[in-house]
Amino acid sequence: MPKNRRESLIYTVMMCFTMVLWMSLYNVTLQKGGMSASVIHDAWMGFPIAYLFAMCCDWFLVSGLAKGFAFRYLVKPGVSSPTKTVIAVSCCMVVPMVLIMSLYGAAEACVHTGQWGSIAWIWLTNIPKNFIMALPFQLIIAGPLVRFLFRRAFPEGSIVMDTAR
């Protein structure tokens with residue numbers, strides 16, 4: 001887990017990249033009915049804006065709320081095991097991000113189809129589909145992979161906060 005604000009930003013960049021790319025591939029695959037080269041193309045073309053949106057939502061909105069909830073109701077920092085803390089924070093991050101990004105995906109679908117009257121229906125049907133993919137992917141694959149890569153690239157104590165300011 002990141003130890004300071006700089007580490008948190010780098011970690012968030014890595015995690016958002018992984019999650020948004022995977023979920024983009026997943027959602028376009030669902031939309032087109034199977035995996036193909038056009039799915040990869042369409043997911044990649046939509047990725048930059050989705051990534052920026054997810055980064056902003058994660059950094060400015062979800063992260064603080066999710067960690068606040070997790071540390072107030074689920075785990076105690078310094079008391080709970082690191083594994084329990086990681087699982088609690090990850091779950092608390094996935095829930096609001098799925099809600100927000102499912103709405104983003106519904107809006108994106110409405111932009112492409114012009115059927116804005118169906119945004120609520122698309123959003124509500126996207127939520128369970130995205131949740132059943134995002135939570136296990138976060139807990140089993142993305143979380144461990146990003147934490148491993150993050151600590152390999154930035155060993156503990158190598159990113160120091162600038163205290164001169």
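Heads up: numbering here begins at 1 and tracks the sequence. In this text, all values refer to a predicted model and were calculated from it rather than measured experimentally.
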Quiz question: by atom type and distance under 3.5 Å, do the side chains of T83 and S81 form a donor-acceptor pair? no
Going by ring pair (Phe, Tyr, Trp, His ring centres under 6.0 Å), name the pairs with one or both residues in residues 77-101, residues two or more places apart or in two chains. none
Non-neighbouring partners of W123 that pass side-chain contact (heavy atoms from CB on, under 4.5 Å), sequence neighbours left out: S102, L103, A106, I127
Which ring pair (Phe, Tyr, Trp, His ring centres under 6.0 Å) pairs, counting each pair once, include a residue from residues 69-90, with sequence neighbours left out? F69-Y73
Please name all residues satisfying salt bridge (charged side-chain N to carboxylate O under 4.0 Å, His left out) with K84, sequence neighbours left out, ordered by chain then number. none
V98 to F131 - nearest heavy-atom pair and separation: CG1-N, 3.9 Å
Please identify each residue that fulfils salt bridge (charged side-chain N to carboxylate O under 4.0 Å, His left out) with R151, with sequence neighbours left out. E7
Counting C-beta onward and ignoring hydrogens, is there a side-chain heavy-atom pair between M35 and I40 closer than 4.5 Å? yes
Residues that K3 engages under salt bridge (charged side-chain N to carboxylate O under 4.0 Å, His left out), provided they are two or more places apart: E156
Is it true that F137 and Y26 fall in one hydrophobic cluster, defined by side-chain heavy atoms closer than 4.5 Å? yes
Evaluate the side-chain proximity of R147 to V86: yes if any heavy-atom separation is below 4.5 Å, no if none is. yes
Qualifying salt bridge (Lys or Arg N to Asp or Glu O under 4.0 Å) pairs, either residue in residues 15-31, two or more places apart: none
Test: salt bridge (Lys or Arg N to Asp or Glu O under 4.0 Å). Region: residues 88-108. Which pairs qualify, not counting sequence neighbours? none
Compile the donor-acceptor pairs under 3.5 Å between side chains in residues 41-58 and protein atoms, sequence neighbours left out, one pair per line.
| unit_1 | atom_1 | unit_2 | atom_2 | d |
| --- | --- | --- | --- | --- |
| D42 | OD2 | K32 | NZ | 2.5 |
| Y51 | OH | V13 | O | 3.2 |

Are the side chains of P77 and T85 in contact, using a 4.5 Å heavy-atom criterion? no
Taking distance alone, no hydrogens or angles, what donor-acceptor pairs closer than 3.5 Å link side-chain atoms of residues 109-121 to residues at least two apart or in another chain?
| unit_1 | atom_1 | unit_2 | atom_2 | d |
| --- | --- | --- | --- | --- |
| T113 | OG1 | A109 | O | 3.1 |
| T113 | OG1 | Q115 | N | 3.3 |
| S118 | OG | Q115 | O | 2.8 |

For residues 59-71, which residue pairs qualify under salt bridge (Lys or Arg N to Asp or Glu O under 4.0 Å), counting only residues two or more places apart or in two chains? none
Any salt bridge (Lys or Arg N to Asp or Glu O under 4.0 Å) pairs touching residues 120-136, not counting sequence neighbours? none
